[in-house]
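Below: the structure, in structure tokens.
Naming: A, B, ... by sequence-line order, numbering from 1 per chain.
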Amino acid sequence: MTDATARNGETGPPAEGGLLYGVQPDVAGAAGHHDHPPRMGFFTDTSVCIGCKACEVACKEWNAIPEDGLELTGMSYDNSQGLSASTWRHVAFIEQRKPLGGQDPGVRHGGTGAPGSPSEDPGDVFAAAGRLGTTVPAPEETASGEAAPEGAGAGAPTGEISPVAPDGRTELRWLMASDVCKHCTHAACLDVCPTGSLFRTEFGTVVVQEDICNGCGYCVPACPYGVIDQRKEDGRAWKCTLCYDRLGEGMEPACAKACPTDSIQFGPLDELRERAAARVAQLHAAGVPDARLYGEDPGDGVGGDGAFFLLLDEPETYGLPPDPVVTTRDLPSMWRHAAVAAATMVAGVAACFLGRRR
Amino acid sequence: MNRDDHEHVGPGDAGRASSGRTAPTGQGGGRRRRGRRRGERPVVPEAEFTSYYGMPILNRPTWKALDIAGYLFLGGLAGGSSLLAAGAHATGRRALARSAKIGALGAISASTVALIHDLGRPERFYNMLRVAKPTSPMSVGSWILAGYGPLTGVAAVTEATGRFRRTGAAATAGAALLGPAVASYTAVLIADTAVPSWHEGYRELPFVFTGSGTAAAGGLGMLTVSVAQAGPARRAAALGAALELGAGEVMTRRMGLAAEPLRQGRAGALVRASKILTATGAAVGLLAGRRSRAAAALSGAALLAGSTALRFGVFRAGVASAEDPRYTVVPQRERLRQREERRRRERSAEEHEETGRLAGEDRGTSEGR
């Protein structure tokens, strides 16, 4: 630990461009690591996420993170809500009235409903949901397999809940995405930490040393992604370490290891970026024009993320900021403005003592 | 909370409960925005936006309002008082110097207690002095306080006991040098975050804070010192109030959407109250503070209250802006849209040039023929 302690927090002189924001090809080198391994990271391909939450569980298990509440949020199948001090992987569930590519979401369950008249499909779960709280259909009506009587859905037109495409498909898709700390090239949390508790590892990732953290909480509002948070019980800040302990042993992080569909891929960042570009091209060719990468651009506001994503909709749909910028980009200007303000204050008060003596 | 003019999915109020149950990108409400990305450009930037069930994007600052907003106020008061103390010391206003020196020590002691109280693990406070990082305003602030605190202590104790005069004078001057740094760095402290209503005002916020600190220090002087000696305090209060109110006005105009939380809800009420208290406190002090001891004391109290209300208002506005994803998403979307537009304009200008050149060549060849 002493080794890491000695190195940590040294972000170097801020005057040298590229250390506070912008393109930074050698993150670990800039932090003072020599002969370091390639920068490692995550590529989370949400197009193959099945929402199994194995990553959440594996992360909790490996890192021995305490339980932080299990509640039914009412937000689809999301019961962990977002990243926090005790949730380092979070699976988002987004329900949308929108088909995914050319696929048939297959939400018509048996029945006689021919395409074109799906609202009469007795197996239409949305039609059934539309009747909830209005008229309870007699059991024999639903069980008989007959078309639902007209009166049953009165007051709750099924069309509101079950928009239907002209070809009879019910347009529904689920987007599932496993979110995690982005391990930014320019990490605001690391830059603002007053104790040097947050440091850049030789793998180019960002880690908190929990024995140094004094719980000032400055990193929490500094993070443009809302990742790091303070754990109320012990007052310290916690977040994903990209399984620093496993990386040191040549293992992959627990979440990537546990992911059954390879939605979470771990490896050298260069390699992941190539793989991601190929995957996006593949999806575009397959008729999913909304597929896009998020956080992979080294020229973006945080200098590119060490953990980036393939998304199927706008970032904010997943609870991600559309154009995050590291707050310390403006820090030199902030200090300049503060210096001028301080000088103004001195001059102003000095002026108050001039002139009349009373 | 008047949000009727915005159709958005936001937390707080009843909005959260209902938005929590709707799909984030539903067809209803015309919130679908697929076409936009493919090049259809709306004439007016839309205020509505998508979010993940209205959940905040940023994590809420973990700081407690009483500790941190209180610290921001006390730091400003201490910094301003140290300046007043040095001026009074130099010009032989003994009572004002005494009151300002003791006021500075009291304020900075209380603020240090608040700061340490806010740490999740106060017993680890000394970790603050492990490193010195210019990229961390909190680290810079810790070192400033480490120098400033003892200086105010020496200045106040020598003033109170009347011993070690020369050391006291040096400490008074030193505290006056560091005082303005204490009052202004706190603006950088909160602006160097991703919280929209704190970050977007980073240019003017230091002026708002130093102005407010000066006004508060002037107020303390008016409250505690006889009218005969409080002249500089009255003038400082008026000057500080003018700086605070002027810079605040410029700031809210430049902040765009992020200024909204400064006008709404409890934060808005606090900011409005601070404006009224500061303006009337300074005006009454200037007009009647010279003649009436009661008026001077009253306006001093109003100035102190106004400075306090300002810090709590700014603090709360920041928290509110972090809790509503709208303040994160909408300006960033707008930024992306403008960038996209600029790129497209450049591209079309290039194409225009290209076609112009080709047309010119065409003409040239046809003419030559």
For chain B, find which of [options] contributes the most heavy-atom pairs closer than 4.5 angstrom.
options: A343(A), S333(A), G82(A); answer: S333(A)
options: C213(A), G301(A), P315(A); answer: C213(A)
options: A350(A), A342(A), P322(A); answer: P322(A)
options: P321(A), G235(A), P194(A); answer: P194(A)
options: L83(A), V349(A), L320(A); answer: V349(A)

* To do: Verify the neighbour count for atom NE2 of H284(A): are there more than 12 heavy atoms of other residues, nucleotides or ligands below 6.0 Å?
  => yes
Taking [X] for its side chain and [Y] for its backbone only, find out whether a donor-acceptor pair lies under 3.5 Å.
X: Y52(B); Y: I94(A); value: no
X: W335(A); Y: P137(B); value: no
X: T135(B); Y: D191(A); value: yes
X: K133(B); Y: C193(A); value: yes

Under 4.5 Å from any heavy atom of chain B - which part of [X]:
X: A92(A); answer: both
X: T344(A); answer: side chain
X: V227(A); answer: backbone

Using a cut-off of under 4.5 Å on heavy-atom pairs, state which of [options] scores highest against chain A.
options: L177(B), V195(B), L189(B), L129(B); answer: L189(B)
options: T210(B), T328(B), T186(B); answer: T210(B)
options: A132(B), A191(B), A187(B); answer: A191(B)
options: L205(B), V140(B), V319(B), L243(B); answer: V140(B)

Check whether any side-chain heavy atom of [X] lies under 4.5 Å from a side-chain heavy atom of [Y], and answer yes or no.
X: E204(B); Y: H337(A); value: no
X: Y202(B); Y: L331(A); value: no
X: Q332(B); Y: P324(A); value: yes

Salt bridge (charged side-chain N to carboxylate O under 4.0 Å, His left out) filter on R336(A), not counting sequence neighbours, yields none
Going from [atom1] on [X] to [atom2] on [Y], what distance comes out if it is rounded to the nearest 0.5 angstrom?
X: R235(B); Y: F353(A); atom1: CZ; atom2: CZ; value: 8.5 Å
X: T50(B); Y: Q96(A); atom1: OG1; atom2: CD; value: 9.0 Å
X: L239(B); Y: C352(A); atom1: CG; atom2: SG; value: 5.0 Å
X: I57(B); Y: Y318(A); atom1: CD1; atom2: OH; value: 13.5 Å
X: Y126(B); Y: N214(A); atom1: OH; atom2: CG; value: 9.5 Å
X: Q230(A); Y: L119(B); atom1: CD; atom2: CG; value: 9.0 Å

**Prompt:** Please walk me through it: do H199(B) and M334(A) pass side-chain contact (heavy atoms from CB on, under 4.5 Å)?
**Reply:** CA-CA 10 Å; H199(B) 183 82; M334(A) 289 181 206; 3.4 Å; yes
Could you look at [X] and say if it's the side chain, the backbone, both or neither that has a heavy atom under 4.5 Å from chain A?
X: R60(B); answer: backbone
X: A183(B); answer: side chain
X: A88(B); answer: both

A338(A) and P206(B) have their tightest heavy-atom pair at CA-CB, 3.7 Å
Nearest heavy-atom approach of A222(A) to A194(B) is O-CB, 3.6 Å
Are side-chain N/O atoms of Y225(A) and N59(B) paired as donor and acceptor at under 3.5 Å? no
Between V346(A) and L83(B), does a side-chain contact (heavy atoms from CB on, under 4.5 Å) hold up when you go through it step by step?
CA-CA 7 Å; V346(A) 175; L83(B) 272 181; 4.2 Å; yes
Please test V220(A) against T193(B) for side-chain contact (heavy atoms from CB on, under 4.5 Å), starting from the C-alpha separation and ending with a verdict. CA-CA 9 Å; V220(A) 177; T193(B) 60; over 6 Å; no
Exercise. Can D330(A) and R203(B) be counted as an ion pair, charged N to O under 4.0 angstrom?
Worked result: no
- request: Please report the C-alpha distance between C216(A) and M128(B) in whole Å, then the side-chain angles of each, then the deciding distance to 0.1 Å, and finally whether the side-chain contact (heavy atoms from CB on, under 4.5 Å) criterion is met.
  value: CA-CA 9 Å; C216(A) 76; M128(B) 284 284 189; 3.9 Å; yes
Point to revise | Chi angles and distances behind the salt bridge (charged side-chain N to carboxylate O under 4.0 Å, His left out) call for D323(A), R333(B) | key: CA-CA 7 Å; D323(A) 184 33; R333(B) 264 286 146 220; over 6 Å; no
Across all chains, not counting sequence neighbours, the side-chain contact (heavy atoms from CB on, under 4.5 Å) partners of R121(B) are R236(A), E123(B), R124(B)
Using the ring centroid of each side chain, check whether W63(B) and Y218(A) are separated by less than 6.0 Å. yes
